Asks: 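My questions all concern the structure below.
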Protein chains: 4
Amino acid sequence: MSSNNANRKVRRAVKPQRSHGKARVETILVAAAEVIGDKGYDRATMAEIAERAKSPIGSLYRFFPNKEILANALLDRYAVLINAAFDAIDHVASDLPVETLADTLLELMVNLQTETKALASVLEANAKWTKRPKFPELFLQRLIKVLRHRAPELSANDAQNVAAVLMHNLKTMRAITFGKGIATGPDVAAELRLMNRLYLLNRLTPNRK
Amino acid sequence: MSSNNANRKVRRAVKPQRSHGKARVETILVAAAEVIGDKGYDRATMAEIAERAKSPIGSLYRFFPNKEILANALLDRYAVLINAAFDAIDHVASDLPVETLADTLLELMVNLQTETKALASVLEANAKWTKRPKFPELFLQRLIKVLRHRAPELSANDAQNVAAVLMHNLKTMRAITFGKGIATGPDVAAELRLMNRLYLLNRLTPNRK
Amino acid sequence: MSSNNANRKVRRAVKPQRSHGKARVETILVAAAEVIGDKGYDRATMAEIAERAKSPIGSLYRFFPNKEILANALLDRYAVLINAAFDAIDHVASDLPVETLADTLLELMVNLQTETKALASVLEANAKWTKRPKFPELFLQRLIKVLRHRAPELSANDAQNVAAVLMHNLKTMRAITFGKGIATGPDVAAELRLMNRLYLLNRLTPNRK
Amino acid sequence: MSSNNANRKVRRAVKPQRSHGKARVETILVAAAEVIGDKGYDRATMAEIAERAKSPIGSLYRFFPNKEILANALLDRYAVLINAAFDAIDHVASDLPVETLADTLLELMVNLQTETKALASVLEANAKWTKRPKFPELFLQRLIKVLRHRAPELSANDAQNVAAVLMHNLKTMRAITFGKGIATGPDVAAELRLMNRLYLLNRLTPNRK
DNA sequence: AATGAATGAGAATTCATTCAT
DNA sequence: TATGAATGAATTCTCATTCAT
């Protein structure tokens, strides 16, 4: 809302030395996720986040020098979870039937969402000003990796494009599962699952089509 | 001056009397679409919208008594275009092959976007406070209508769910076509088109499955 | 940012923690009394009050979250003084000749005015929107108490009505003493004192009438 | 609320030439009295006054070039009524018993109020910035005239001071009769009447005291 | 002359960020 | 070092007044 994005030293989230600090940072991130998830990035105030975290606002600023850095920390935290989830999938990807793989990938974001529920909204809010979209990049790379693992015959280009569509499907899945409005709910999720399966079957199965 | 939330007339966007005014309103709407599309609803300021429209702030408020009403006007304007687009499709829907219908629907939002460029982003911004999600509802209803027209054997429930997935595909198509980040571009759009075709073929063709 | 009238905490004047803050609040209150007393509630701007108090506008809002709360704080502050003044009178009321009591009461508001100069004007300004007229009520109750103390034979009803007239006399006394226009000045005050004495003598002395 | 009181040509309310215009002006004044009486001078908007008068805002400004002039016109209109009321009293003043005269004067403002109910609030609102307090002056002069008529032995000075107190009593009467808050109502009015009688009896009856 | 749309200075209020303690 | 009070730029919205039609 204010300004001063320019001529400011490059700053990052401070990594706390003491274990006490780590817990504090974790609490703040959880609080931030909740408040931002609830109100959206712009309407979430640093004061409310601090209050929800039962942390003095001064401490909050100690660890996260400004709101943007806090939001980015949220993303980083999310990235860790994503990597872990993909790591788990990587191990079994080649043994899974395509349909199962399709379903598994689709559920991935939902499962993450369950853990870090409100995080997602940060993404959209941030998308408007974040300079480096490293987060979607990571996501895409991990999807490409899974695809090439499962279907080595897929060209690099195809893998990239299929992964992109997949990524959008995951986003859609999240919206369908956690969204409040119209076009949500379990029945719609089932439809999406069907579409996703049809698509991956077509693209990952050599002799079809 | 102060509060007086009670006993205040219901406020709507004013329809300009003078012919000059109509152009002015149009200019404001375009400016609002651009600024909101660019910065998002919360970060878009009425002052910037006014400036972009080369309109004094007072005039802006004359036509749109507050920011929310302005955003709703944007939505209404978009709704008109959507209805027109669907009307055009309705006429030819039953004669089209499923694949063509699938592609046509998918392009719909892209075509709209071309005309009312940044409008779409208002939707998400608004989602946070809009009481009645009449806009997505409209979209969904029109999709259902097309589907039932083309595949009368589809149950009401199925039509609703398929339409929901379709709607998400349209959104995705918009993101892919106009998005700036990763996972965008013509190749990805082609993939999405493929998926969308596979899905509709499966759901709208009676004896397959 | 926008509305959110619901689910918002009840807002009150903040009590400053730091010792410096207490002086600041006092300064603001004095400045507010002066500016509001001078210009009236509506024409007094928060910016001018802040400036007069040599306080940044943000600080003003820190202590008094909005204009209405500031005005109420002014009233509360005044109420404390009034109570103290009446307490002092209560102790001697029964021993005073009626004429002296009459004069003493009449001077009360003038004395208060001397200390909290422009406070009074807030009352009228506030009359327009204050929900609970607790302040005049307090005044009236204290007057009733004095009257019944001094003349126990007065019925509750009579005491209430006499007190009401007395209260108006006090207001008049203030206007005469501090007013700028016509019908003010010491000679007029002397006349008012006479009238007030005549009236109380008539109402509080048992066997006259 | 805005400014520009300085360096502006001296302007007055335009006197309409046509009879149609006179009716229009009257309507506007009535509307202004109602709206200002209802909301207070500052919160009353020119637009609402125009609307209530069913007069285009442009017309309103034609007759009353700004808000202050409109308010002054309201006062002038009131003055005419006051003069008429005093004229009526002047004719009978010398024949009336003091008590009756006292009551008659006290009712005067109430009677006026009945006709131009909301006018009163303009006085206070205007008192803050009106340069020439000609209105209270008129009132006072007419009261002095009545007093000297009825009690020629009263010194000029005494007449002035008694009239001043009387004037305040009239104001009080108005507040008691039309006020909404505490210390109002018919019983309080009866008490005020008593006080007023006692006072005038004392001051206007030669051999008492 | 009459009208009411257009204007923009000014008012209240918020909140990210700083810094005295 | 930790805290939370203090700050002021930025934002939304109003309304007296003007002036094109």
Side-chain angles (χ1 to χ4, degrees), chain A residues 1-4 8 17-18 21 24 42-51 55-62 64-68 70, chain B residues 1-4 11 14 16-21 24 42-50 55-68 70, chain C residues 1-4 11 14 16-21 24 42-50 55-68 70, chain D residues 1-4 8 17-18 21 24 42-51 55-62 64-68 70:
Chain A
M1 206 98 297
S2 82
S3 53
N4 283 63
R8 182 191 287 177
Q17 307 305 332
R18 308 185 239 166
R24 170 62 55 92
D42 282 309
R43 297 171 124 75
T45 72
M46 294 297 266
E48 185 175 354
I49 291 171
E51 193 186 32
S55 162
I57 184 111
S59 289
L60 194 162
Y61 268 89
R62 184 131 206 77
F64 306 100
N66 64 46
K67 202 177 177 181
E68 187 171 341
L70 174 57
Chain B
M1 203 117 298
S2 96
S3 45
N4 272 62
R11 289 148 75 109
V14 162
Q17 256 71 19
R18 305 193 199 173
S19 61
H20 176 64
R24 169 64 54 90
D42 281 313
R43 301 177 100 75
T45 74
M46 293 299 264
E48 185 176 353
I49 292 171
S55 161
I57 186 79
S59 294
L60 194 165
Y61 271 93
R62 172 150 190 71
F63 297 123
F64 307 100
N66 62 49
K67 204 176 173 183
E68 186 170 344
L70 174 56
Chain C
M1 205 116 297
S2 99
S3 45
N4 271 62
R11 288 147 74 109
V14 162
Q17 256 71 20
R18 303 194 201 172
S19 62
H20 176 63
R24 170 62 56 91
D42 281 312
R43 301 176 102 72
T45 73
M46 295 298 264
E48 184 177 354
I49 292 171
S55 162
I57 186 76
S59 294
L60 195 164
Y61 270 91
R62 171 150 189 71
F63 297 123
F64 306 100
N66 62 47
K67 203 177 174 183
E68 186 171 342
L70 175 57
Chain D
M1 205 97 298
S2 85
S3 54
N4 281 63
R8 180 193 289 175
Q17 308 302 332
R18 307 186 240 167
R24 170 61 56 92
D42 282 309
R43 298 172 123 75
T45 72
M46 295 297 266
E48 186 176 355
I49 291 170
E51 193 186 31
S55 162
I57 184 111
S59 289
L60 194 162
Y61 268 89
R62 184 134 205 73
F64 307 99
N66 64 45
K67 203 178 176 182
E68 186 170 342
L70 174 58

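Everything quoted here is computed from the prediction, not taken from an experiment. Within every chain, numbering begins at 1; the chains are lettered A, B, ... in the order of the sequence lines, protein sequences first and strands thereafter.
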Asks: Separation of A:R62 atom CZ from F:dG4 atom P, in whole Å?
Replies: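 To the nearest whole Å, that distance equals 15 Å.
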Asks: Could you check C:I57 against B:M46 and say which one's nearest nucleotide on DNA chain F is further toward the 5' end?
Replies: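 Nearest-nucleotide comparison on DNA chain F picks C:I57.
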Asks: What pair of heavy atoms forms the shortest contact from D:R24 to D:S59, and how long is it?
Replies: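 Looking at all heavy atoms of both residues, the shortest contact is NH1-OG, 3.5 Å.
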Asks: Could you check how far CG of D:L70 sits from P of F:dT17, rounded to whole Å?
Replies: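 These atoms are roughly 10 Å apart.
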Asks: With sugar-phosphate meaning primed atoms plus P, OP1 and OP2, does C:T45 contact a base, only sugar-phosphate, or nothing at under 4.0 Å between heavy atoms?
Replies: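 Since only primed, P, OP1 and OP2 atoms lie under 4.0 Å of C:T45, the category is sugar-phosphate.
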Asks: Return the value, rounded to whole Å, for the distance between atom NZ of A:K67 and atom C1' of E:dT18.
Replies: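 So the two atoms are 17 Å apart, to the nearest Å.
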Asks: Please figure out whether A:Y61 or B:G58 has its closest DNA chain E nucleotide nearer the 5' end.
Replies: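 Looking at DNA chain E, the more 5' nearest nucleotide goes with B:G58.
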Asks: What's the separation between atom CG in D:D42 and atom CZ in C:R43, rounded to the nearest 0.5 Å?
Replies: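 If we round to the nearest 0.5 Å, D:D42:CG and C:R43:CZ are 4.5 Å apart.
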Asks: Toward the 5' end of DNA chain F, which comes first, B:P65 or C:L60, by nearest nucleotide?
Replies: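 The residue mapped nearer the 5' terminus is C:L60.
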Asks: Taking all non-hydrogen atoms of both residues, which atom of B:A50 and which atom of B:P56 are closest, and how far apart?
Replies: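 Result for this residue pair: CB-C, 4.4 Å.
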Asks: Would you mind classifying the nucleic acid contact of A:A44 as base, sugar-phosphate or nothing, using non-hydrogen atoms under 4.0 angstrom?
Replies: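 If one applies the 4.0 Å heavy-atom cut-off, A:A44 turns out to touch the sugar-phosphate alone, with no base involved.
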Asks: Report yes if a side-chain nitrogen or oxygen of B:R24 is closer than 4.0 Å to either non-bridging phosphate oxygen (OP1 or OP2) of E:dT7; otherwise report no.
Replies: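 The answer is yes; a side-chain N or O of B:R24 sits under 4.0 Å from OP1 or OP2.
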Asks: Rounded to the nearest 0.5 Å, how far does CE of C:M46 lie from OH of C:Y61?
Replies: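 Atom-to-atom, C:Y61:OH and C:M46:CE are 4.0 Å apart.
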Asks: Rounded to the nearest angstrom, tell me the gap between atom CZ in D:R43 and atom C1' in E:dA12.
Replies: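 Spelled out: CZ on D:R43 to C1' on E:dA12 is 12 Å.
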Asks: Could you pick out which residue, C:N66 or B:P56, lies toward the 5' side of DNA chain E when each is mapped onto its nearest nucleotide?
Replies: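 First, find each residue's nearest nucleotide; the 5'-ward one identifies B:P56.
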Asks: Using whole Å, report how far CD1 of C:I49 lies from P of E:dA11.
Replies: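 From C:I49 CD1 to E:dA11 P: 12 Å.
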Asks: Once you build an axis from the first five pairs and another from the last five of the helix from E:dA2-F:dT21 to E:dT21-F:dA2, how far apart in angle are they, to 10 degrees?
Replies: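 The helix from E:dA2-F:dT21 to E:dT21-F:dA2 shows an end-to-end axis angle of 10°.
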Asks: For the pair made of CD in A:E48 and C1' in F:dG4, what is the distance, rounded to whole Å?
Replies: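 After rounding, the gap between these two atoms is 17 Å.
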Asks: In whole angstrom, what separates C:F64's CZ from E:dT14's P?
Replies: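 Taking atom P of E:dT14 as the reference, CZ of C:F64 is at 15 Å.
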Asks: Measure the CD1-CD distance between A:I57 and A:E48 for me, rounded to the nearest 0.5 Å.
Replies: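 One gets 11.0 Å once the value is rounded to the nearest 0.5 Å.
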Asks: Check C:L60 against C:S55 and note the closest heavy-atom contact, atom names and distance.
Replies: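 Shortest heavy-atom contact: N-OG, 3.8 Å.
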